Protein chains: 2
Amino acid sequence: MAVKVLIYEDNDALRNGLEDLLSLSDEFEVAGAYPNCVQVASDIAKLDPDVVLMDIDMPEITGIEALKIIRNTNRELPVIMLTVFDDNKNVLDAICAGASGYLLKKNASDKLVSSIKEVLSGGAPLSPAIAKMVISSMHSGPGGDYHFTEKEKEILKLLCKGMSYKMIAAETKLSFETIRSYIKNIYSKLQVHSATEAISKAMNERLV
Amino acid sequence: MAVKVLIYEDNDALRNGLEDLLSLSDEFEVAGAYPNCVQVASDIAKLDPDVVLMDIDMPEITGIEALKIIRNTNRELPVIMLTVFDDNKNVLDAICAGASGYLLKKNASDKLVSSIKEVLSGGAPLSPAIAKMVISSMHSGPGGDYHFTEKEKEILKLLCKGMSYKMIAAETKLSFETIRSYIKNIYSKLQVHSATEAISKAMNERLV
DNA sequence: ATCAAAATACCCCAAAATGGGTATTTTACA
DNA sequence: TGTAAAATACCCATTTTGGGGTATTTTGAT
């Protein structure tokens, strides 16, 4: 049976192009092709597609928002995101929101069919530039350098594990007051004023 | 000028195979091919390769350790990891340690040349199974279900941003005491006893 | 219509964290 | 061989959190 594809793409030319491209092969059947996602939840319930192609940049509801709506009820349905921009933030947001794959539009005509097959067989198609971005985001080293000493880093790590001053003191065999001194220094280097802020900053900037 | 490739692979047959494969093309030059990484730092200083192929599973020093050693002094040199296993932990560890690309050995002969070219042009070659794994690790959903209500989730998020009770109260337009009530509930559901523990747990289990 | 859960809010008290200091000893490096 | 940075440690005062309650109103589901 043909694979049912649901398309969301606001650009008319591209949307029709994608439809035509998929119609060329009898392996695929376009279940629907819409210029916006306002009905995404009911579209999916009604059309029951096997895979969704979703443009990121759409009016009303962005592709990422639509993806989140889909993921609210369906963790499995493969959704391949399409975008013109390989702009960092959108890509990471989409992947975090649960995108199954990510194609740049310039690669779409080339790779579309193979990408759909890839997600259906459990793979994750990524345009080369996107793969690069995902990888770099994963090893984005420490953002700024806060010039922590080794001891400070050690104590910051323990703090990020959720330990209290007392516990850190016990763990490091240092006095409670010493821990306080270190933490005061850490806060001033991070320019924060509480453990919660420090942990938040440290985790988000991958300092630990 | 030929691209200088440095190879670390403990299996003699595969190491020789890789050498032969690269020698077929005059675009590549094997700068060295070693069965272990004990000298990795000095090898690289001496041979100044353009790209490194690194097996993950090696005696003495694992490929991941070697990668960390390389990254201590060189953040740029492309290092492509090779492995037989698409085992989750190693792959993620390698990527976090700064791998530029990741190939399953079964894909190596096919994809080696194109992968090397891809890293040199700033891309990130990943075997399909690996891409999948990286993506899934990024959207690994919440581990356990703590049965938070929507409001609790909202407040937990704000807490994880480093906000104090006062700030959360202001942000949500709820009273300070209400926030305290929620947070007490959150702690009891998470089985923790402080904001630092809660944030640590929430971040690590991707509850936010 | 009823009942449970969720949302909202307050009280008291104790414990922990924060901010402002200061001070001594080690370590590393110019 | 100084000397600056790092590591260690303490004091005082205030604010913020945490743990124990209780209570009212709203919402949702049976």
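What's counted below: heavy atoms across the whole structure, side chains too, no hydrogens, waters or symmetry copies. Remember, predicted model here, so these are calculated numbers, not experimental data. The sequence lines fix the lettering, A, B, ..., with proteins before strands; numbering per chain opens at 1.
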Just by distance, do the side chain of [X] and the backbone of [Y] share a donor-acceptor pair under 3.5 Å?
X	Y	value
B:R180	B:S175	no
B:Y187	B:A195	yes
A:S100	A:I80	no
A:K201	A:V192	no
B:E171	B:M167	no

Starting at atom [atom1] of [X], determine the distance to atom [atom2] of [N], rounded to an integer number of angstrom.
X	N	atom1	atom2	value
A:K153	D:dA7	NZ	P	10 Å
A:I179	D:dT8	CD1	C1'	10 Å
A:N185	D:dC10	CG	C1'	15 Å
B:I183	D:dT16	CD1	C1'	11 Å
A:M163	C:dA17	CE	C1'	16 Å
B:M167	D:dT15	CE	P	18 Å
A:L190	C:dG19	CG	P	12 Å
A:K189	D:dA7	NZ	C1'	12 Å

**Item:** nucleotides 19-30 of chain D: protein proximity per nucleotide (B base, S sugar-phosphate only, - neither; heavy atom, under 4.0 Å)
**Value:** BBB---------

**Message:** So that I can tick it off, tell me whether A:K105 and A:D55 are bridged by a salt bridge, with the cut-off set at under 4.0 angstrom between side-chain N and carboxylate O.
**Reply:**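 Judged by the 4.0 Å cut-off on N to carboxylate O distance, A:D55 and A:K105 do form a salt bridge.
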
**Request:** Would you mind checking if B:E65 and B:K68 are paired as a salt bridge, meaning a charged N to carboxylate O distance below 4.0 Å?
**Result:** no

**Message:** Once ring-ring contact (aromatic ring centres under 6.0 Å, His included) is applied, what residue pairs with a partner in residues 28-52 of chain A remain, sequence neighbours excluded?
**Reply:**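 Every pair satisfying ring-ring contact (aromatic ring centres under 6.0 Å, His included) with a residue in residues 28-52 of chain A: A:Y8-A:Y34.
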
**Item:** Candidate nucleotides D:dT17, C:dA17, D:dT16, ranked by approach to the side chain of B:K166 - the nearest
**Value:** D:dT16

**Prompt:** Closest nucleotide of DNA chain C for A:A195 versus for B:T149: which of these residues is on the 5' side?
**Reply:**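 Taking each residue's closest nucleotide, the earlier one in sequence belongs to B:T149.
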
**Side-chain N,O (B:T178) to OP1/OP2 (C:dT8) below 4.0 Å** =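 For C:dT8, OP1/OP2 do not have a side-chain N/O of B:T178 under 4.0 Å.
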
**Request:** Compare all side-chain heavy atoms of B:C37 with those of B:M58 and state whether any distance is below 4.5 angstrom.
**Result:** yes

**Request:** Hey, which sits more toward the 5' end of DNA chain D by its nearest nucleotide, A:F176 or A:Y182?
**Result:** A:Y182

**Request:** Check DNA chain D against residues 168-175 of chain A and give the residues with a non-hydrogen atom under 4.0 Å, in numerical order.
**Result:** A:L174, A:S175

